[in-house]
Amino acid sequence: MTDPGAHSDPPLLEVENVSKSFGGVQALRTGSFRLDKGEVLAVVGANGAGKSTLIKTVAGVYPPDSGEIRIKGEPIDLSDHSVSRMRERGVEVVYQDLALVPNMSAPYNLFLGRTPRKWGIFADVRSMRAKTREVLDQLNVKTVQDLSRPISDLSGGQQQSIAIGRAIAWGKEIVILDEPTAALGPNETAEVERMVEEVRDNHDTSFILISHNLDQVQRLADRIIVIHHGVTSQEFERGSVTADRLVKAITVGE
């Protein structure tokens with residue numbers, strides 16, 4: 001792996017020797033990686049290798065059994081480890097199912113759990129729509145025009161735009177994308193990839209990308225880490241690995 005000491009500033013996120021067991025099953029034996037500001041880090045591995053466990057541990061869904069997580073060099077108190085605490089520290093997850101409410105509009109989904117109120121009672125729909133339009137403009141999304149439509153009326157790519165927009169709208173520095181284009185066609189996949197690159201380049205947001213699409217990983221990722229049998233076994237820089245070599249690292253661990 002790349003030597004973290006080569007960086008003058010501490011990484012945005014550091015995960016060191018994190019492990020997690022469920023009963024007698026050790027889902028994650030040793031998870032270690034760093035995430036720098038403004039980069040896309042891909043996490044790849046076979047089904048059951050430990051990718052989801054690693055990411056959910058970072059996101060606060062699971063408390064690790066051992067190890068350390070640091071943000072900007074500051075250790076996270078693992079006795080108070082939770083999704084809400086990690087969100088407070090700038091970590092947001094866009095899960096594969098997007099966690100959107102189908103019968104609500106884009107602004108209500110963007111402000112889910114954060115609805116602004118007028119006079120402490122009524123939803124401030126005008127400010128919600130203005131903020132939603134601002135976020136979509138930042139993402140250069142032109143296809144979502146009618147903000148009054150329920151989110152279920154939008155295409156998969158448009159819904160993904162809202163989910164990513166929600167993740168970055170509140171100043172999140174780290175966005176975890178769990179198979180963001182698994183259910184999308186080629187055009188919508190290209191649009192999501194464009195958004196990720198644009199947000200990374202223009203807003204210095206860092207992404208952790210979990211994907212089985214190795215072509216996508218090689219297009220988007222600045223670095224790639226491989227998880228094999230619960231261990232982060234390999235790391236590759238952009239352009240330094242062929243598809244065949246990556247497949248071998250995933251399947252054999254070499």
Student: Answer yes or no: is there a donor N or O on one side and an acceptor on the other, between the side chain of Asn109 and the main chain of Ser105, under 3.5 Å?
Tutor: yes
Student: Output yes when a side-chain donor or acceptor of Ser206 lies under 3.5 Å from a complementary backbone atom of Gly38, and no otherwise.
Tutor: yes
Student: Check the pair Ile164 / Leu177 against side-chain contact (heavy atoms from CB on, under 4.5 Å), numbers first and verdict last.
Tutor: CA-CA 9 Å; Ile164 293 175; Leu177 299 176; 4.2 Å; yes
Student: Strictly distance-based, threshold 3.5 Å: is any side-chain N or O of Thr181 a donor or acceptor partner for the main-chain N or O of Leu184?
Tutor: no
Student: Check the surroundings of atom CZ in Arg126: do more than 12 heavy atoms from other residues, nucleotides or ligands lie under 6.0 Å from it?
Tutor: no
Student: Do Leu54 and Phe33 have side chains that get closer than 4.5 Å, going by heavy atoms?
Tutor: yes
Student: Should Asp178 and Lys51 count as an ion pair when the cut-off is N to O under 4.0 Å?
Tutor: no
Student: Evaluate the side-chain proximity of Glu235 to Arg34: yes if any heavy-atom separation is below 4.5 Å, no if none is.
Tutor: yes
Student: Roughly how far apart are Phe207 CZ and Asp222 CG, rounded to 0.5 Å?
Tutor: 11.0 Å
Student: To the nearest 0.5 Å, what is the distance between OG (Ser161) and CG (Leu139)?
Tutor: 7.0 Å
Student: Any idea which heavy atoms bring Leu147 and Arg133 closest together, and the distance?
Tutor: CG-NH2, 3.4 Å
Student: To the closest 0.5 Å, what do you measure between CD (Glu173) and CG (Asp204)?
Tutor: 9.5 Å
Student: To the nearest 0.5 Å, tell me how far Arg149 CZ sits from Leu154 CG.
Tutor: 5.5 Å
Student: Take a 6.0 Å sphere around NE2 of His229 and say whether it holds more than 12 heavy atoms from other residues, nucleotides or ligands.
Tutor: no
Student: Could you tell me the separation between the CG atom of Leu13 and the CD1 atom of Ile208, rounded to the nearest 0.5 Å?
Tutor: 5.5 Å
Student: Any heavy-atom pair between the side chains of Leu209 and Pro180 that's under 4.5 Å?
Tutor: yes
Student: May I have the step-by-step check of side chain to side chain donor-acceptor pair (under 3.5 Å) for Glu188 and Gln160, ending in yes or no?
Tutor: CA-CA 9 Å; Glu188 291 182 325; Gln160 188 68 258; over 6 Å; no
Student: Could you tell me whether the side chain of His212 and the main chain of Asn47 form a donor-acceptor pair under 3.5 Å?
Tutor: no
Student: Please answer whether the main-chain N or O of Asp65 pairs with a side-chain N or O of Lys20 as donor and acceptor at a distance below 3.5 Å.
Tutor: no
Student: Out of the candidates Val43, Leu246, Thr232, only one should pair with Val226 under the side-chain contact (heavy atoms from CB on, under 4.5 Å) rule; please name it.
Tutor: Leu246
Student: Do Val61 and Ile71 belong to the same hydrophobic cluster, where Ile, Leu, Val, Met, Phe, Trp and Tyr are linked whenever their side-chain heavy atoms lie under 4.5 Å apart, directly or via other members?
Tutor: yes
Student: Taking Ser240 for its side chain and Phe236 for its backbone only, find out whether a donor-acceptor pair lies under 3.5 Å.
Tutor: no
Student: Would you say that Glu198 contacts Gln138 through its side chain, given a criterion of any heavy-atom pair below 4.5 Å between the two side chains?
Tutor: no
Student: Could you walk me through whether His228 and Ile250 satisfy the side-chain contact (heavy atoms from CB on, under 4.5 Å) test, starting with their C-alpha distance in whole Å, then the side-chain angles of each, then the deciding distance to 0.1 Å, before giving a yes or no?
Tutor: CA-CA 6 Å; His228 183 73; Ile250 291 169; over 6 Å; no
Student: Main chain of Pro102, side chain of Ser152: is a donor-acceptor contact present, judged purely on distance under 3.5 Å?
Tutor: yes
Student: Under 4.5 Å between side-chain heavy atoms, counting indirect links through other Ile/Leu/Val/Met/Phe/Trp/Tyr residues: same cluster for Leu28 and Val231 or not?
Tutor: no
Student: Do Lys131 and Leu110 come close enough that some side-chain heavy atom pair is under 4.5 Å?
Tutor: yes
Student: How far apart are the closest heavy atoms of Ser127 and Phe111, and which atoms are they?
Tutor: O-CZ, 4.4 Å
Student: Could you pull out the closest heavy-atom pair between Pro64 and Leu78, with the gap in Å?
Tutor: CG-CD1, 3.6 Å
Student: Between Glu16 and Ser32, is a side chain to side chain donor-acceptor pair (under 3.5 Å) present by the stated rule, with each step listed?
Tutor: CA-CA 4 Å; Glu16 185 174 343; Ser32 299; over 6 Å; no
Student: For Glu191, is there an ion pair with Arg194 - N to carboxylate O distance below 4.0 angstrom?
Tutor: yes
Student: Any side-chain heavy atom of Val141 within less than 4.5 Å of one from Met195?
Tutor: yes
Student: Is Glu39 salt-bridged to Lys37, going by a charged N under 4.0 Å from an acidic O?
Tutor: no
Student: Do other residues, nucleotides or ligands put more than 12 heavy atoms under 6.0 Å from Glu197 CD?
Tutor: yes
Student: So do Val58 and Val18 actually touch side chain to side chain, heavy atoms under 4.5 Å?
Tutor: no
Student: I'd like to check Val44 versus Leu214 (side-chain heavy atoms, cut-off strictly below 4.5 Å). Are they in contact?
Tutor: yes
Student: Check the hydrophobic clustering (I, L, V, M, F, W, Y; side-chain heavy atoms under 4.5 Å; chains of links allowed) and say if Leu35 and Val83 are grouped together.
Tutor: yes
Student: Can a donor-acceptor pair be found, under 3.5 Å and without considering hydrogens, that links the side chain of Gln218 to the backbone of Val241?
Tutor: yes
Student: How many angstroms lie between CG in Asp77 and NE2 in His81, if you round to the nearest 0.5 Å?
Tutor: 10.5 Å
Student: Has the side chain of Ser21 got a donor or acceptor atom that lies under 3.5 Å from a matching backbone atom of Gly23?
Tutor: no
Student: Group every Ile, Leu, Val, Met, Phe, Trp and Tyr by side-chain heavy-atom contacts under 4.5 Å, then state whether Val125 and Met104 land in the same group.
Tutor: yes
Student: Taking all heavy atoms of Gly73 and all of Glu14, pick out the closest pair and write down the distance.
Tutor: CA-OE1, 4.2 Å
Student: Closest heavy-atom contact between Ala49 and Ile227?
Tutor: O-CG2, 3.1 Å
Student: When you measure from the side chain of Arg238 to the backbone N and O of Arg219, does any donor-acceptor pair fall under 3.5 Å?
Tutor: yes
Student: Applying side-chain contact (heavy atoms from CB on, under 4.5 Å) to Arg166 and Leu112, what does each step give before you reach the verdict?
Tutor: CA-CA 9 Å; Arg166 183 174 64 192; Leu112 206 60; 3.7 Å; yes
Student: If you compare all heavy atoms of Val135 against all heavy atoms of Gly165, which two are closest, and at what distance to 0.1 Å?
Tutor: CG1-CA, 3.6 Å
Student: Run the side-chain contact (heavy atoms from CB on, under 4.5 Å) check on Arg129 and Ser148 step by step: do they pass?
Tutor: CA-CA 9 Å; Arg129 287 185 176 180; Ser148 64; 3.5 Å; yes
